[in-house]
Amino acid sequence: MTARLAIHPLVADRTDAVLDRLGKAGVDVEHVGRDGSDDPLAQLRDKAIDLALVGIDALRGSAADELTTVAVLPRDEVRDVMVPCSPGVSAMDDLTTGHRVGVAGARRAALLAAHRPTVTAVDVPLGDPAEVNAALNRDDIDALVVSAIAARSAGRSDAATEALDAKSWLPAPGQGALALIARHPIAEATAL
């Protein structure tokens, strides 16, 4: 079977293993979209592709209605990490009154408030590697809290100075999990 596959840019660094497993399952991948110019789920609905590889959070709400989850792959790193953006900040304990920390979403803002109540959360977009890198270059934040996967996708894993404990800094449900989605069941891909 030949299948056209689109890959969300945030999971692009994990695709080689998936492509290898698809090949072993008898699926020949004709085209791999890695540029992120189109939403993979929209491409599926428009029949431009046969399969989409996305983070499982892409399936929230009605985003995947009428689509088939073919496989959910084993989770990768689930923790969030802290990446310093200014001198003198290398760990969560270094953050004091007046420090500003870039976060995406209510979950991270609430966790920051619970762990460091005197620190200000700054909402920043972190939807793709370019946004992660842009946030790290901002002058108005002292650190960034982002998923370890997003830091890796942006090529900034080495800059992360602290992996936050998943027992006290709860990851998002499904954080680190990938889903292979199709318009209809594909037996060969289900072998994953």
Side-chain angles (χ1 to χ4, degrees), residues 5-16 18 32-43 52-61 63 75-166 169-179 181:
L5 173 70
I7 298 167
H8 191 279
L10 279 182
V11 301
D13 64 330
R14 293 184 58 196
T15 58
D16 290 339
V18 173
V32 178
R34 293 180 190 234
D35 64 0
S37 59
D38 292 312
D39 171 23
L41 298 181
Q43 288 179 296
L53 184 65
V54 298
I56 204 157
D57 61 333
L59 307 180
R60 287 187 192 145
R75 286 176 80 170
D76 197 349
E77 174 62 67
V78 300
R79 295 177 294 179
D80 284 341
V81 296
M82 190 180 97
V83 183
C85 300
S86 65
V89 174
S90 62
M92 192 64 68
D93 289 341
D94 296 336
L95 297 171
T96 59
T97 303
H99 279 124
R100 296 170 52 87
V101 178
V103 297
R107 177 186 59 85
R108 287 188 181 105
L111 287 166
L112 182 65
H115 287 274
R116 307 302 296 172
T118 63
V119 171
T120 301
V122 178
D123 189 36
V124 295
L126 299 173
D128 63 47
E131 289 178 334
V132 172
N133 282 313
L136 288 169
N137 292 321
R138 288 176 54 158
D139 292 334
D140 64 333
I141 59 174
D142 299 294
L144 181 69
V145 174
V146 64
S147 73
I149 295 169
R152 184 179 65 214
S153 295
R156 303 302 281 261
S157 289
D158 293 345
T161 56
E162 183 176 10
L164 304 174
D165 181 8
W169 189 282
L170 303 173
Q175 185 167 308
L178 296 181
I181 309 299

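What you see is a predicted model; the values in this text were computed from it and never measured. When a residue number appears, it is its place in the shown sequence, counting from 1.
Applying the side-chain hydrogen bond (donor to acceptor under 3.5 Å, both in side chains) test to Asn133 and every residue at least two apart in sequence or in another chain returns Arg156. With sequence neighbours left out, Arg75 forms a salt bridge (Lys or Arg N to Asp or Glu O under 4.0 Å) with no residue at all. In this structure, Asp165 has no side-chain hydrogen bond (donor to acceptor under 3.5 Å, both in side chains) partners at least two apart in sequence or on a different chain. Annotation: side-chain contact (heavy atoms from CB on, under 4.5 Å) contacts of Arg152 (sequence neighbours excluded): Asp13, Arg14, Asp76, Ile149, Ser157. Take Glu77 and apply the salt bridge (Lys or Arg N to Asp or Glu O under 4.0 Å) test, not counting sequence neighbours, and it matches Arg79. For Ser90, the side-chain hydrogen bond (donor to acceptor under 3.5 Å, both in side chains) partners at least two apart in sequence or on another chain are Asp94. Listed by chain and residue number, nothing satisfies the side-chain hydrogen bond (donor to acceptor under 3.5 Å, both in side chains) test with Asp158 (two or more places apart in sequence, or in another chain).
In terms of heavy atoms, Val119 sits closest to Leu112 at CG1-CD2, 4.1 Å. Heavy-atom minimum distance, Pro171 versus Ala166: CD-O, 3.7 Å. Taking each heavy atom of Arg138 and Asp123 in turn, the nearest pair found is NH1-O, 4.5 Å. The shortest non-hydrogen separation linking Leu126 to Ala135 is CD2-CB, 3.9 Å. The shortest heavy-atom contact between Gly102 and Ile141 is N-CG2, 4.0 Å.
Listed by first then second residue, pairs satisfying ring pair (Phe, Tyr, Trp, His ring centres under 6.0 Å) with a partner in residues 117-155 number zero, not counting sequence neighbours. The ring pair (Phe, Tyr, Trp, His ring centres under 6.0 Å) pairs that include a residue from residues 83-106 number zero, where partners must be two or more places apart or lie in different chains. Within the structure, ring pair (Phe, Tyr, Trp, His ring centres under 6.0 Å) contacts touching residues 117-142 (residues at least two apart or in different chains) do not occur. Residue pairs satisfying the side chain to side chain donor-acceptor pair (under 3.5 Å) criterion with at least one member in residues 111-122, sequence neighbours excluded, are listed as follows: Thr97-Thr118.
The shortest side-chain heavy-atom distance between Val101 and Met92 does not fall under the 4.5 Å cut-off.
Residue Leu53 holds its CG atom at 5.0 Å from CG of Leu178, rounded to the nearest 0.5 Å.
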Result block: side-chain N/O donor-acceptor pairs under 3.5 angstrom for residues 80-89, not counting sequence neighbours:
from	atom 1	to	atom 2	distance (Å)
Asp80	OD1	Arg108	NE	3.4
Asp80	OD1	Arg108	NH2	3.0
Asp80	OD1	Gln175	NE2	3.0
Asp80	OD2	Arg107	NH1	3.3
Asp80	OD2	Arg107	NH2	3.4
Asp80	OD2	Arg108	NE	3.0
Asp80	OD2	Trp169	NE1	2.9
Ser86	OG	Asp142	OD1	3.1

